[in-house]
Amino acid sequence: VFPEACPVREDVDLQFLADQFELTGSNIKNIAVNSAFLAAADGREIDMSHILRALQNEFQKSGKRLTGAEMGQYGMVSLSLHDALPISMR
């Protein structure tokens with residue numbers, strides 16, 4: 001999903017995202033690019049907080065709302081906060 005030169009944390013759970021969300025190729029590309037920009041702005045590697053914020057943005061563009069139930073194990077994450085995941089998950 002991400003170019004080889006793009007720094008991505010090893011604990012990014014792509015399998016969870018693939019299993020949990022039905023996305024088109026263009027959705028996936030938009031989420032990957034958006035999360036890379038978010039990570040660059042934070043000066044960090046891409047992590048789940050960046051991907052989840054980008055996913056939320058992609059849902060909003062199509063008038064959908066990302067719910068805690070859809071987030072599964074990440075359900076308690078508040079996507080309205082700048083740092084979407086606790087420090088222990090970054």
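Atom-to-atom distance recorded for Lys29:NZ and Glu58:CD is 11.0 Å, nearest 0.5 angstrom. Atoms CD1 and CD1, on Ile31 and Ile51 in that order, are 9.0 Å from each other to the nearest 0.5 Å. Remark: Asp19 CG to Leu14 CG distance equals 11.0 Å, nearest 0.5 Å. Atom CG of Leu52 is separated from atom CE of Met71 by 4.0 Å, given to the nearest 0.5 angstrom.
Between the side chain of Glu70 and the main chain of Phe21, no donor-acceptor pair closer than 3.5 Å is present.
Taking the side chain as every heavy atom from C-beta outward, Asn27 and Glu22 never approach each other to under 4.5 Å. Using a 4.5 Å heavy-atom cutoff, the side chains of Leu23 and Phe59 are in contact. With a 4.5 Å cut-off on side-chain heavy atoms, Asp42 and His50 count as touching. For the pair Met48/Val12, a side-chain contact is recorded, criterion being any heavy-atom separation below 4.5 Å from C-beta on.
Each of Phe2 and Leu38 belongs to its own hydrophobic cluster when Ile, Leu, Val, Met, Phe, Trp and Tyr are linked at side-chain heavy-atom distances under 4.5 angstrom.
Hydrophobic cluster of Val33: the remaining members, joined at side-chain heavy-atom separations below 4.5 Å, are Phe37, listed by chain and number.
A pairwise comparison of heavy atoms in Cys6 and Ile46 identifies SG-CD1, 3.4 Å as the closest pair.
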